[in-house]
Amino acid sequence: MNHVVLTGDRPTGPLHLGHYFGSLANRVRLQDTYEMYVLIADYQVITDRDLPGSIQRNITELLLDYLAVGIDPAKVIVFQHSAIPELNQLLLPFLSLVSVAELSRNPTVKDEIAHSSQQAVSGLMYTYPVHQAADILFCKGTLVPVGRDQLPHVEVTRLVARRFNERYGEVFPLPEAMMGEQPLLKGLDGGKMSKSRGNAIALSATEDETAALIRKARTDSERLITFDETNRPEVANLLTLAGLCLGRAPRDIADEIGYGGAAALKRLVTEAVNEFLRPIRKRRAEHTEGDVRRILAEGNERARERAVITLGEVRDAMGF
Ligand code: ATP
Ligand code: MG
(Lines give C-alpha, C1' and ligand atoms only; values in the text may rest on other atoms or scores of the structure.)
(Ligands and ions follow the chains in the order given, each with its own letter.)
Protein backbone atom coordinates (compact mmCIF):
# COMPACT_ATOMS: atom_id res chain seq x y z
CA MET A 1 0.00 0.00 0.00
CA ASN A 2 1.15 3.51 -0.71
CA HIS A 3 0.92 5.17 2.69
CA VAL A 4 0.84 8.80 3.67
CA VAL A 5 2.44 9.06 7.11
CA LEU A 6 1.48 11.79 9.56
CA THR A 7 2.61 12.23 13.13
CA GLY A 8 3.84 14.97 15.43
CA ASP A 9 4.71 16.34 18.84
CA ARG A 10 3.79 19.27 21.02
CA PRO A 11 6.56 21.87 21.46
CA THR A 12 6.32 21.65 25.24
CA GLY A 13 9.94 20.72 25.93
CA PRO A 14 12.78 18.51 24.77
CA LEU A 15 12.01 15.14 23.19
CA HIS A 16 12.94 12.14 25.31
CA LEU A 17 13.69 8.44 24.99
CA GLY A 18 9.95 7.65 25.14
CA HIS A 19 9.49 9.62 21.94
CA TYR A 20 12.38 7.83 20.34
CA PHE A 21 11.23 4.27 21.00
CA GLY A 22 7.52 5.11 20.74
CA SER A 23 7.51 7.06 17.49
CA LEU A 24 10.73 8.69 16.22
CA ALA A 25 12.49 5.44 15.29
CA ASN A 26 9.52 4.46 13.12
CA ARG A 27 9.50 7.85 11.45
CA VAL A 28 13.15 7.54 10.49
CA ARG A 29 12.51 4.04 9.19
CA LEU A 30 9.44 5.03 7.15
CA GLN A 31 10.74 8.29 5.67
CA ASP A 32 12.61 6.52 2.86
CA THR A 33 9.51 4.69 1.63
CA TYR A 34 6.49 6.95 2.09
CA GLU A 35 5.30 10.52 1.77
CA MET A 36 5.62 11.83 5.33
CA TYR A 37 4.38 14.82 7.30
CA VAL A 38 5.66 15.71 10.78
CA LEU A 39 3.60 18.23 12.70
CA ILE A 40 4.87 20.61 15.34
CA ALA A 41 1.59 20.88 17.23
CA ASP A 42 2.09 24.39 18.55
CA TYR A 43 -1.61 25.23 18.95
CA GLN A 44 -1.96 22.16 21.16
CA VAL A 45 0.44 23.51 23.76
CA ILE A 46 -2.42 25.47 25.36
CA THR A 47 -4.49 22.31 25.82
CA ASP A 48 -3.27 21.91 29.38
CA ARG A 49 -1.35 25.15 29.99
CA ASP A 50 -2.57 28.71 30.49
CA LEU A 51 0.12 30.16 28.22
CA PRO A 52 2.19 28.80 25.33
CA GLY A 53 5.42 29.63 27.24
CA SER A 54 8.73 29.81 25.35
CA ILE A 55 7.03 28.65 22.20
CA GLN A 56 9.57 29.81 19.58
CA ARG A 57 12.47 28.41 21.59
CA ASN A 58 10.67 25.10 22.05
CA ILE A 59 9.85 24.86 18.34
CA THR A 60 13.50 25.40 17.43
CA GLU A 61 14.63 22.78 19.95
CA LEU A 62 12.02 20.31 18.71
CA LEU A 63 13.22 20.66 15.14
CA LEU A 64 16.82 20.21 16.27
CA ASP A 65 15.72 17.03 18.05
CA TYR A 66 14.18 15.78 14.78
CA LEU A 67 17.37 16.48 12.86
CA ALA A 68 19.42 14.87 15.63
CA VAL A 69 17.60 11.53 15.40
CA GLY A 70 17.88 11.49 11.62
CA ILE A 71 14.61 12.91 10.30
CA ASP A 72 15.60 14.18 6.87
CA PRO A 73 13.87 17.40 5.75
CA ALA A 74 14.61 16.50 2.15
CA LYS A 75 12.21 13.59 2.56
CA VAL A 76 9.80 14.82 5.24
CA ILE A 77 7.48 17.84 5.37
CA VAL A 78 7.87 19.43 8.82
CA PHE A 79 5.24 22.09 9.58
CA GLN A 80 3.31 23.84 12.36
CA HIS A 81 -0.39 24.16 13.22
CA SER A 82 -0.23 27.90 13.53
CA ALA A 83 0.98 28.29 9.93
CA ILE A 84 -1.86 26.31 8.32
CA PRO A 85 -5.24 28.04 8.83
CA GLU A 86 -6.92 25.64 6.36
CA LEU A 87 -6.01 22.66 8.53
CA ASN A 88 -7.52 24.32 11.57
CA GLN A 89 -10.72 25.10 9.67
CA LEU A 90 -11.42 21.38 9.39
CA LEU A 91 -12.01 21.32 13.13
CA LEU A 92 -15.45 22.90 12.88
CA PRO A 93 -17.19 20.38 10.62
CA PHE A 94 -15.33 17.55 12.34
CA LEU A 95 -16.61 18.62 15.77
CA SER A 96 -20.14 18.20 14.49
CA LEU A 97 -19.44 14.53 13.84
CA VAL A 98 -18.72 13.43 17.43
CA SER A 99 -20.89 13.51 20.51
CA VAL A 100 -20.03 15.12 23.83
CA ALA A 101 -20.32 11.68 25.44
CA GLU A 102 -17.71 10.28 23.06
CA LEU A 103 -15.36 13.17 23.79
CA SER A 104 -15.70 12.84 27.56
CA ARG A 105 -14.92 9.14 27.79
CA ASN A 106 -11.51 9.33 26.05
CA PRO A 107 -9.10 7.57 28.48
CA THR A 108 -6.02 9.58 27.44
CA VAL A 109 -7.86 12.85 27.98
CA LYS A 110 -8.90 11.64 31.44
CA ASP A 111 -5.30 10.73 32.30
CA GLU A 112 -4.03 14.11 31.10
CA ILE A 113 -6.67 15.93 33.15
CA ALA A 114 -5.51 13.95 36.19
CA HIS A 115 -1.91 15.14 35.62
CA SER A 116 -2.74 18.73 34.67
CA SER A 117 -1.83 21.52 37.05
CA GLN A 118 -4.43 23.90 35.60
CA GLN A 119 -7.17 25.31 37.80
CA ALA A 120 -9.93 24.40 35.38
CA VAL A 121 -10.17 21.97 32.49
CA SER A 122 -10.50 23.81 29.16
CA GLY A 123 -12.85 22.93 26.31
CA LEU A 124 -9.77 22.34 24.20
CA MET A 125 -8.78 19.48 26.50
CA TYR A 126 -11.89 17.59 25.40
CA THR A 127 -11.81 18.63 21.76
CA TYR A 128 -8.13 18.38 20.88
CA PRO A 129 -8.47 14.74 19.74
CA VAL A 130 -10.81 16.07 17.02
CA HIS A 131 -8.24 18.71 16.13
CA GLN A 132 -5.84 15.81 15.84
CA ALA A 133 -8.26 14.19 13.38
CA ALA A 134 -7.84 17.34 11.28
CA ASP A 135 -4.05 16.95 11.53
CA ILE A 136 -4.19 13.42 10.21
CA LEU A 137 -6.93 13.90 7.62
CA PHE A 138 -5.80 17.19 6.05
CA CYS A 139 -3.09 15.23 4.21
CA LYS A 140 -5.21 12.06 3.97
CA GLY A 141 -2.83 10.29 6.30
CA THR A 142 -3.13 6.51 6.39
CA LEU A 143 -0.38 5.58 8.85
CA VAL A 144 0.30 7.29 12.19
CA PRO A 145 3.46 6.29 14.11
CA VAL A 146 2.62 7.03 17.76
CA GLY A 147 2.93 5.85 21.34
CA ARG A 148 0.16 3.98 23.14
CA ASP A 149 -1.42 7.09 24.67
CA GLN A 150 -2.43 8.18 21.17
CA LEU A 151 -4.47 5.09 20.27
CA PRO A 152 -7.81 6.53 21.48
CA HIS A 153 -7.13 9.64 19.40
CA VAL A 154 -6.47 7.66 16.24
CA GLU A 155 -9.79 5.93 16.96
CA VAL A 156 -11.47 9.36 17.08
CA THR A 157 -9.89 10.15 13.72
CA ARG A 158 -11.26 6.95 12.22
CA LEU A 159 -14.69 7.77 13.61
CA VAL A 160 -14.59 11.27 12.15
CA ALA A 161 -13.43 9.98 8.75
CA ARG A 162 -16.05 7.24 8.67
CA ARG A 163 -18.91 9.56 9.63
CA PHE A 164 -17.79 12.28 7.25
CA ASN A 165 -17.71 9.78 4.38
CA GLU A 166 -21.15 8.41 5.35
CA ARG A 167 -22.76 11.83 5.49
CA TYR A 168 -21.05 13.63 2.64
CA GLY A 169 -19.47 11.00 0.38
CA GLU A 170 -16.04 9.32 0.25
CA VAL A 171 -13.36 11.90 0.99
CA PHE A 172 -11.11 10.38 3.64
CA PRO A 173 -9.16 7.15 4.12
CA LEU A 174 -9.31 5.44 7.54
CA PRO A 175 -5.84 5.79 9.09
CA GLU A 176 -4.08 3.24 11.23
CA ALA A 177 -1.83 3.73 14.22
CA MET A 178 1.63 2.18 14.17
CA MET A 179 3.23 1.71 17.57
CA GLY A 180 6.97 1.59 18.12
CA GLU A 181 9.21 -0.94 19.80
CA GLN A 182 8.20 0.48 23.19
CA PRO A 183 4.69 1.98 22.97
CA LEU A 184 4.75 3.20 26.56
CA LEU A 185 8.16 3.90 28.00
CA LYS A 186 8.03 4.68 31.69
CA GLY A 187 9.87 7.57 33.23
CA LEU A 188 12.24 7.56 36.19
CA ASP A 189 9.27 7.83 38.58
CA GLY A 190 7.44 4.81 37.13
CA GLY A 191 4.74 6.84 35.32
CA LYS A 192 4.56 7.52 31.56
CA MET A 193 7.76 9.28 30.51
CA SER A 194 6.50 12.77 29.61
CA LYS A 195 7.97 16.13 28.79
CA SER A 196 5.71 17.75 31.36
CA ARG A 197 6.16 15.36 34.29
CA GLY A 198 9.82 15.91 35.17
CA ASN A 199 10.62 12.20 34.78
CA ALA A 200 12.20 12.08 31.34
CA ILE A 201 15.67 11.53 29.87
CA ALA A 202 15.87 14.11 27.09
CA LEU A 203 17.61 13.21 23.84
CA SER A 204 19.55 16.45 24.27
CA ALA A 205 20.65 15.78 27.88
CA THR A 206 24.41 15.89 28.46
CA GLU A 207 26.32 12.87 29.77
CA ASP A 208 26.39 14.37 33.25
CA GLU A 209 22.71 15.26 33.26
CA THR A 210 21.88 11.74 32.12
CA ALA A 211 24.03 10.22 34.87
CA ALA A 212 22.44 12.47 37.51
CA LEU A 213 18.91 11.55 36.40
CA ILE A 214 19.60 7.83 36.50
CA ARG A 215 21.37 8.14 39.87
CA LYS A 216 18.13 9.56 41.32
CA ALA A 217 15.89 6.82 39.89
CA ARG A 218 14.14 4.70 42.50
CA THR A 219 15.22 1.05 42.89
CA ASP A 220 15.08 -1.47 45.74
CA SER A 221 17.61 -2.91 48.17
CA GLU A 222 17.80 -6.46 46.83
CA ARG A 223 21.33 -7.33 45.62
CA LEU A 224 20.24 -9.87 43.01
CA ILE A 225 19.00 -8.01 39.95
CA THR A 226 16.03 -9.71 38.25
CA PHE A 227 13.62 -8.63 35.53
CA ASP A 228 10.23 -8.75 37.28
CA GLU A 229 7.79 -6.14 36.00
CA THR A 230 5.08 -6.96 38.54
CA ASN A 231 7.06 -7.09 41.78
CA ARG A 232 10.06 -4.90 40.94
CA PRO A 233 8.73 -2.30 38.46
CA GLU A 234 11.49 0.26 39.10
CA VAL A 235 14.30 -2.21 38.48
CA ALA A 236 12.45 -3.66 35.48
CA ASN A 237 12.05 -0.18 34.06
CA LEU A 238 15.78 0.53 34.23
CA LEU A 239 16.53 -2.83 32.64
CA THR A 240 14.05 -2.03 29.86
CA LEU A 241 15.75 1.28 29.23
CA ALA A 242 19.17 -0.35 28.98
CA GLY A 243 17.73 -3.12 26.81
CA LEU A 244 16.28 -0.64 24.32
CA CYS A 245 19.52 1.33 24.10
CA LEU A 246 21.67 -1.78 23.72
CA GLY A 247 19.27 -3.76 21.53
CA ARG A 248 19.34 -6.59 24.09
CA ALA A 249 16.77 -8.48 26.17
CA PRO A 250 16.31 -6.93 29.64
CA ARG A 251 16.44 -10.42 31.19
CA ASP A 252 19.92 -11.08 29.79
CA ILE A 253 21.14 -7.80 31.19
CA ALA A 254 19.74 -8.73 34.61
CA ASP A 255 21.58 -12.09 34.45
CA GLU A 256 24.79 -10.32 33.56
CA ILE A 257 24.52 -7.97 36.56
CA GLY A 258 23.58 -10.80 38.92
CA TYR A 259 24.37 -9.86 42.51
CA GLY A 260 25.78 -6.43 41.57
CA GLY A 261 22.81 -4.59 43.11
CA ALA A 262 21.36 -1.18 42.24
CA ALA A 263 24.78 0.49 41.91
CA ALA A 264 25.93 -1.87 39.15
CA LEU A 265 22.54 -1.64 37.47
CA LYS A 266 22.63 2.15 37.38
CA ARG A 267 26.20 2.18 36.12
CA LEU A 268 25.23 -0.10 33.25
CA VAL A 269 22.09 1.87 32.39
CA THR A 270 23.98 5.18 32.41
CA GLU A 271 26.62 3.82 30.07
CA ALA A 272 24.03 2.28 27.76
CA VAL A 273 21.98 5.48 27.52
CA ASN A 274 25.00 7.71 27.05
CA GLU A 275 26.43 5.44 24.38
CA PHE A 276 23.09 5.45 22.60
CA LEU A 277 22.70 9.23 22.78
CA ARG A 278 26.24 10.08 21.69
CA PRO A 279 25.65 10.12 17.89
CA ILE A 280 22.29 11.88 18.43
CA ARG A 281 23.96 14.66 20.45
CA LYS A 282 26.65 14.98 17.83
CA ARG A 283 24.20 15.37 14.96
CA ARG A 284 22.20 17.90 16.98
CA ALA A 285 25.24 20.15 17.26
CA GLU A 286 25.75 20.14 13.48
CA HIS A 287 22.63 22.23 12.78
CA THR A 288 21.90 25.92 13.22
CA GLU A 289 18.83 28.05 13.88
CA GLY A 290 19.09 29.20 10.26
CA ASP A 291 18.59 25.57 9.12
CA VAL A 292 15.53 25.33 11.34
CA ARG A 293 13.93 28.48 9.93
CA ARG A 294 14.52 27.36 6.34
CA ILE A 295 13.12 23.88 6.94
CA LEU A 296 10.00 25.21 8.63
CA ALA A 297 9.31 27.87 6.01
CA GLU A 298 9.47 25.27 3.27
CA GLY A 299 7.50 22.63 5.19
CA ASN A 300 4.77 25.11 6.11
CA GLU A 301 4.36 26.13 2.49
CA ARG A 302 4.05 22.55 1.25
CA ALA A 303 1.67 21.50 4.03
CA ARG A 304 -0.49 24.53 3.38
CA GLU A 305 -0.81 23.65 -0.30
CA ARG A 306 -2.07 20.23 0.76
CA ALA A 307 -4.49 21.67 3.31
CA VAL A 308 -6.03 24.10 0.79
CA ILE A 309 -6.88 21.18 -1.49
CA THR A 310 -8.46 19.08 1.28
CA LEU A 311 -10.47 21.98 2.71
CA GLY A 312 -11.78 22.65 -0.81
CA GLU A 313 -12.90 19.02 -1.12
CA VAL A 314 -14.57 19.15 2.27
CA ARG A 315 -16.48 22.32 1.49
CA ASP A 316 -17.56 20.93 -1.89
CA ALA A 317 -18.71 17.66 -0.34
CA MET A 318 -20.71 19.58 2.29
CA GLY A 319 -22.21 21.92 -0.28
CA PHE A 320 -20.69 25.16 0.95
P1 ATP B 1 3.54 16.34 27.14
O2 ATP B 1 3.83 15.88 28.54
O3 ATP B 1 3.82 17.78 26.92
O4 ATP B 1 2.18 15.92 26.65
P5 ATP B 1 4.69 14.04 25.88
O6 ATP B 1 5.96 13.56 26.45
O7 ATP B 1 3.42 13.31 26.22
O8 ATP B 1 4.60 15.59 26.23
P9 ATP B 1 3.75 14.44 23.18
O10 ATP B 1 4.26 15.57 22.35
O11 ATP B 1 2.40 14.60 23.82
O12 ATP B 1 4.84 14.11 24.30
O13 ATP B 1 3.74 13.08 22.32
C14 ATP B 1 4.39 12.96 21.08
C15 ATP B 1 4.44 11.53 20.60
O16 ATP B 1 5.32 10.75 21.42
C17 ATP B 1 3.10 10.79 20.65
O18 ATP B 1 3.02 9.94 19.54
C19 ATP B 1 3.19 9.96 21.90
O20 ATP B 1 2.39 8.80 21.86
C21 ATP B 1 4.67 9.61 21.93
N22 ATP B 1 5.12 9.40 23.32
C23 ATP B 1 5.15 10.34 24.29
N24 ATP B 1 5.59 9.82 25.45
C25 ATP B 1 5.84 8.50 25.20
C26 ATP B 1 6.32 7.40 26.01
N27 ATP B 1 6.61 7.58 27.30
N28 ATP B 1 6.46 6.18 25.42
C29 ATP B 1 6.16 6.01 24.12
N30 ATP B 1 5.70 7.00 23.30
C31 ATP B 1 5.54 8.22 23.83
MG1 MG C 1 1.46 14.16 25.65
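As the structure is a prediction and not an experimental result, all values here were calculated from the model. Remember, it's 1-based here, ligands and their atoms both numbered in the order they're listed. We number each residue from 1, following the sequence as shown.
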Note to self: If we set the cut-off at 4.0 Å for heavy atoms, which region of Gln182 has an atom near ligand 1: side chain, backbone, both, or neither?
What the structure shows: backbone

Item checked: Under-4.0 Å salt bridge between Arg278 and Glu207 -> yes

Item checked: Minimum-distance protein heavy atom relative to atom 12 (O) of ligand 1 -> His19 NE2, 2.8 Å

Checklist line | Nearest-contact summary for atom 28 (N) of ligand 1 - protein heavy atom, Å | finding: Leu185 N, 2.9 Å

Next item on the list: If you have a sec, work out which protein heavy atom is nearest atom 8 (O) of ligand 1 and how many Å separate them, to one decimal?
Entry: Lys195 NZ, 3.2 Å

Next item on the list: Could you see which bit of Thr12 sits under 4.0 Å from ligand 1, with heavy atoms only: side chain, backbone, both or neither?
Entry: side chain

Margin query: Could you tell me if the side chain of Tyr37 sits less than 4.5 Å from the side chain of Val4, heavy atoms only?
Written below: yes

Next item on the list: Tell me which part of Pro183 gets within contact of ligand 1: side chain, backbone, both or neither, using heavy atoms under 4.0 Å.
Entry: backbone

Notebook entry, point to check: If you measure every N/O of Lys192 against every N/O of ligand 1, is any gap under 3.5 Å?
Noted result: yes

Next item on the list: Examine Gly8 against ligand 1 and note whether any of their N/O atoms are separated by less than 3.5 Å.
Entry: no

Next item on the list: Name the closest protein heavy atom to atom 31 (C) of ligand 1, giving the residue it belongs to and the distance to 0.1 Å.
Entry: Gly18 O, 3.7 Å

Check: Any salt bridge between Asp189 and Arg218, counting N to O under 4.0 Å?
Finding: no

Next item on the list: May I ask you to check whether Gly22 has an N/O atom sitting below 3.5 Å from an N/O atom of ligand 1?
Entry: no

